[in-house]
J.: 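Before I ask anything, here is the structure I am working with.
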Amino acid sequence: MERIGVFVCHCGRNIAGAVNVKEVVDKIRKHPLVVHAEEYKYMCSSVGQNIIREAIKKHGLTGIVVAACSPSMHLETFRTAAVSAGLNPYKVEMANIREQNSWVHDDVNEATKKALGIMWSAVNKVAGDQPLEKVRSSVKKKCLVIGGGIAGIQAALDVANNGFEVILVEKSPTIGGRMAQLSETFPTLDCAQCILTPKMAEVARNPNIKIYTLSEVIEVSGSIGNFKVKIRKNPRYVDIGACNMCGECEKVCPQIVLDKDYNRSLTVRKAIYIPFPQAIPAAYVIDASHCHGVGTARCNECAKVCEQKAINLFDKEEIIEEDVGAIIVATGYDLYPKEKIGEYGYGRLEDVIDSLQFERLISSTGPTGGELRRPSDGKIPKRIAFIQCVGSRDLQHLPYCSRICCMYTAKHAFLYKHLVPDGEAYIFYIDIRAAGKKYEEFIMRVQQEGRVKYIRGRVSKIVQKGDQLIVHAVDTITGKPMTLPFDMVVLATGIVPNTKEIANVLRIPLDENGFLQELHPKLAPVESPIKGIFLAGVAQGPKDIQDSVAQASAAAKKAVEILSKDYIEREPLIARVNKEPCSRCGVCVQLCPYHAIEMTPEGAKIIDAACEGCGTCAAACPSGAIILTNNEPKQIISMIDALLVQAPSVLPTASSSTNKE
Amino acid sequence: MTNLADKILEITGEDVYLCYFCGKCGAGCPMADKMDHLPYQVIHMVQLNDMNALNAKSIWICATCFTCSVRCPRNLDVARIMEGLRTIKVRAQQQTIDLRKVEDLEKLPPIALVAAGRKYT
Amino acid sequence: MRILYYPGCTVKATALRDEKASLQVLRVLGIEPIEVENWICCGATYNLPKDTVIQAVASIRTLIRSELTMKKSNTENILLTLCSMCNHVLKMADNLYKNDPDAAQKLNAFLSDEPSNYEGKLRIMHFLEILRDILGYDKIRDKVKRNLKGLNVASFYGCLILRPREVAIDDPEDPVIIEELLLRLNANPVDYPYRNECCGSFNVVSAPEYVWDRAKEIVKSASDYGAKLIVTTCPLCAYNLEEGQKRRRKELRGLELPILYVSELIAYAFGLDDALEPEIKNLLDRMVGKEG
């Protein structure tokens, strides 16, 4: 026979203000399995915990119910207290009479009645709970980092420098990401390449980091401490170890290709190329979609001249399997396509460019060698307009603020004035959001030193007239409509996350804007909802380099926390299958959000290490074959019984007096 | 009368409190140079319950071409708001346009006359 | 193919040229428009307040009568409109009726004197939509007899055929339907900034000076970009541009561009001379002859 103790917390006036605590203590004593019940002001205090410990020993309790706040608040507190008195932690239940009762009700009678119902059902549940032990599993001492931009680079370095192996997967031919395309960075005007490329080189020579470029993660199974990862490595056609970057292959390659990636269609490259001189790995790559020789060697000019014999036109894709203990996702962003904005010319006006194109045009490694020349005719633009919030903060495009555009636009205008001192720069803005360290000061500097004209108003239309662009705007400060001619217009297009495929593979939910959902927006911004998977950079939300790097280090620290453990302790509250009634219909396999069920000839099989105990399968199983431990159907029925029949029979109409202190 | 913003919401279903005054409506408005207050300024007046919004010349000049409505980043149907203000005036029989004084009456396309009649009176 | 045809008041008054050309063009292409019996004015403009349904009554009455004609004359459920404003108003009213059951109920009560309720079976289509969606551009090209090669033509869409989005016949920011047709006629479409903008509309009644200014800008811009001719599909745009460029003759330094309906240019290219007023045909003869 179970011997249950019930401990009711006043939580100051939080509970006692709406629930007649004395009365519920009296009434719960009528439960046939309750041998002890008492109340205290703050059960979570050390005095309160002591009361629980003493009562467990004194009355030989086999289970306890603490009627207080939400279990996410204090279940662990009370479990720890119970364990120290010799009780199994899974014989502790909480009855949430605060968040789910006293906080949301004023009527003392009704709240008291409801509190008793909740407590009664918790007593019924704890009576049916099995004592359990935590499950332990080993930890693979390796971390997967997905995305080789600045966030992925930082995370990889931090994990590696803590002595753990890192697999860094990047889908393009080089690491470096968006930052490698930038000219200089706000607010310090450091040259982006100068601060990024040393870090890239550090990644390359760190013995703990293995880089897979041209690669994508295509499948992930398992769970925290033990993920199994499948990576598709697309062929490079060039042996990284053998290539000495002599460049002879590029000279003879007959295929000229628009450089859509690194230089954003502002120049051309060959089908065999290096994305940029400091690329890591430092090796050529063949763009298979434009090469006429891959797979056939019909054209093999490059292979003929390669002294290193580094080129293999018959290179094949590989599937690589890795076991890792933790995963960091840093898949970055793309710009919102200017082709989607009709009133700005749908991307068809040649001298209306996006912000990354402008970065390339003013970069010393760019297609014009750092001289600002506009795409249409190579003229140096003497009048330039920068338009902020293009796509961003627009319910027809991106509802959110992209966070970086105010700052990079100020930087653009400032750098423009350095390159074209006699030029005129206008910035059309609707707000200037410069909420970062030294950001406001930078804006002030741009205004003062740069003599940049800030016009508060959103541009409505851009049209080509002759070789100029006419911008239709309103100066909302004076209320004057204006049509101004410019030589070039730069659109501060918003940013959109690269998350679709990876979210699917990892089963991480996306928020309404396509960013990876963090576990908690304030208190767990680095954790994904899946244990052992962490987030960094723009994939999680719009942010600049500073914040991306900070988040990457935080994610790395979280990963290291797991990797440094000898074992992972897991909750034993998982699903199990009774083979007998299982009809092998497969509904559970489809529904499981954690890939934790597989179908075998004998029926469904739970992968214990992956099961999170959410109960979706148990609820959906049409034959009732799946049971969630300590949530047995008979327990749930008994809880419903408590609420509908047993508790109301003890307290049909609660007394009207409140609990006076 | 209840406050102007609520009245506009009631008549048009458009909530002027969504406006953040980016100015895109005024920037693209084909009649902007004839207006005394640009559409976002009129909306600002409505937010502030400034009855002068009802006396703005602009509300009679708006040609309901919907350019602003199609481009508004907060999805406000600005043309509808302008017409809501006009409607308040017309329903109170305070329209400012006298169709008896129209020039070229016999030459005008009937749609122009009917439209003006329905918008202004 | 027999379809329903709603002319509206203006087509029967100041835009007879458009009607004559449009209907003949359609007939040559195998479409027989049957005029709706007892049609009435659509209302010309769709008033925007949402606390009433009165703005839709006239349109729905016409739509009821269109359905009656459809049954009687055994036509398709397509209702042809020529005038941009009719097209806009009928579609707005049709949307209200189909999407708002309360409004539909009120409208039915208002219209209880009609023999039946509107059943919502009609597909309201502008002349240009019929050319694009029912016939296809290629059928137009196949009928071309006169080559308009070298003729620089600016389209003027005006506002209501493109906006709001839910009744637009094309992308409001970058419409192509007229340009696609011009290409099939071998003419040169001229891209200029005003082609999808508003002519000033009914301001011509209350503040005509504003409209003349607007017309001046539009004509000047079209000409600057090389147009020799403007085509439109809205009778009010046609009037405002035509009248406006006359009133601003001095500022335009005598510049005057012919303002035609799209249908007239198609009819001319098809060689349908009796669909055109003689002076229009002569004008085009001169222009094409000169260009050629």
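Quick note on labels: first sequence line is chain A, next is B, and so on, each numbered from 1.
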J.: So what's closer than 4.5 Å to chain B heavy atoms on Pro208(C): side chain, backbone, both or neither?
T.: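 Side chain of Pro208(C) only, per the 4.5 Å heavy-atom cut-off to chain B.
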J.: With a 4.5 Å cut-off on heavy-atom pairs, point out which of Gly13(B), Ala112(B), Gly117(B), Cys62(B) contacts chain C the most.
T.: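 Between Gly13(B), Ala112(B), Gly117(B), Cys62(B), the count favours Ala112(B).
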J.: Would you mind checking which part of Ala13(C) comes under 4.5 Å of any heavy atom in chain B, side chain (CB onward), backbone (N, CA, C, O), both or neither?
T.: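 Contact with chain B is through the side chain of Ala13(C) alone.
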J.: Checking Glu14(B) against chain C: side chain, backbone, both or neither under 4.5 Å from a heavy atom?
T.: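 For Glu14(B), side-chain heavy atoms alone lie under 4.5 Å from chain C.
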J.: If you draw a 6.0 Å radius around OH in Tyr225(C), do more than 12 non-hydrogen atoms from other residues or ligands fall strictly inside?
T.: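 Result for OH/Tyr225(C): enclosed.
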J.: Assess the residue pair Phe66(B) and Leu162(C) against the criterion (side chain to side chain contact (heavy atoms under 4.5 Å, CB included)); give the C-alpha distance rounded to whole Å, side-chain angles, the decisive distance to 0.1 Å, and a yes or no.
T.: CA-CA 9 Å; Phe66(B) 298 100; Leu162(C) 299 176; over 6 Å; no
J.: Calculate, to the nearest 0.5 Å, the distance between atoms NZ and CG belonging to Lys119(B) and Leu48(C) respectively.
T.: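 Going from the NZ atom of Lys119(B) to the CG atom of Leu48(C) covers 4.5 Å.
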J.: Side-chain contact, heavy-atom cut-off 4.5 Å: Pro30(B) with Cys198(C)?
T.: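 A side-chain contact under 4.5 Å exists here.
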J.: Would you mind checking which part of Cys199(C) comes under 4.5 Å of any heavy atom in chain B, side chain (CB onward), backbone (N, CA, C, O), both or neither?
T.: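 For Cys199(C), there is no contact with chain B at all, as no heavy atom is under 4.5 Å.
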J.: Looking at Arg71(B) and Glu173(C), is there a salt bridge between them, counting it only when a charged N and a carboxylate O are closer than 4.0 Å?
T.: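 Yes, Glu173(C) and Arg71(B) are salt-bridged.
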J.: Check whether any side-chain N or O of Asn47(C) sits under 3.5 Å from a backbone N or O of Arg118(B) as a donor-acceptor pair, and report yes or no.
T.: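 Between the backbone of Arg118(B) and the side chain of Asn47(C) there is a qualifying donor-acceptor contact (under 3.5 Å).
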J.: State whether the number of non-hydrogen atoms from other residues, nucleotides or ligands found under 6.0 Å of Lys220(C) atom NZ is greater than 12.
T.: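 Incorrect, the count does not exceed 12.
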J.: Quick check on Ile218(C) against chain B: is it the side chain, the backbone, both or neither that has a heavy atom closer than 4.5 Å?
T.: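 Neither the backbone nor the side chain of Ile218(C) comes within 4.5 Å of chain B.
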J.: Name the one of Leu236(C), Thr10(C), Val11(C) that satisfies side-chain contact (heavy atoms from CB on, under 4.5 Å) with Pro110(B)?
T.: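 With Pro110(B) as partner, side-chain contact (heavy atoms from CB on, under 4.5 Å) holds for just one option, Thr10(C).
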J.: With a 4.5 angstrom heavy-atom cut-off, is it the side chain or the backbone of Cys83(C) that approaches chain B, or both, or neither?
T.: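 Contact with chain B involves the side chain of Cys83(C) alone.
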J.: Please say whether more than 12 non-hydrogen atoms of neighbouring residues, nucleotides or ligands are located less than 6.0 Å from CD in Gln93(B).
T.: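 Result for CD/Gln93(B): open.
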J.: Tell me, yes or no, whether the heavy-atom count around Gln105(C) atom CD, taken from other residues, nucleotides or ligands under 6.0 Å, exceeds 12.
T.: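 No, CD of Gln105(C) has 12 or fewer neighbouring heavy atoms, counting only those of other groups under 6.0 Å.
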J.: Determine whether Ser206(C) and Trp60(B) satisfy the following criterion, side chain to side chain contact (heavy atoms under 4.5 Å, CB included), listing intermediate values before the conclusion.
T.: CA-CA 9 Å; Ser206(C) 50; Trp60(B) 304 103; over 6 Å; no
J.: Does Lys106(C) NZ have over 12 foreign heavy atoms under 6.0 Å away?
T.: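 Counting neighbours around NZ of Lys106(C), 12 or fewer heavy atoms of other residues, nucleotides or ligands fall under 6.0 Å, so no.
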J.: Regarding Asp77(B) and Lys50(C), does a basic nitrogen lie under 4.0 Å from an acidic carboxylate oxygen?
T.: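 No, this pair does not count.
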J.: Do Val114(B) and Phe202(C) come within less than 4.5 Å of each other through their side chains, counting heavy atoms only?
T.: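 A side-chain contact under 4.5 Å is absent here.
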J.: For a 4.5 angstrom cut-off between non-hydrogen side-chain atoms, does Asn203(C) reach Lys34(B)?
T.: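 Heavy-atom side-chain distance check fails, nothing below 4.5 Å.
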J.: Which residue out of Ile11(B), Thr87(B), Thr12(B), Leu108(B) racks up the most heavy-atom pairs below 4.5 Å with chain C?
T.: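 When all of Ile11(B), Thr87(B), Thr12(B), Leu108(B) are compared, Ile11(B) has the most.
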J.: Against chain C, label Leu105(B) side chain, backbone, both or neither, depending on which of its atoms sit under 4.5 Å from a heavy atom there.
T.: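 For Leu105(B), neither part sits under 4.5 Å from chain C.
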J.: Decide yes or no for Pro164(C) and Arg80(B): does some side-chain heavy atom of the first lie under 4.5 Å from some side-chain heavy atom of the second?
T.: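 No, too far: nothing below the 4.5 Å cut-off.
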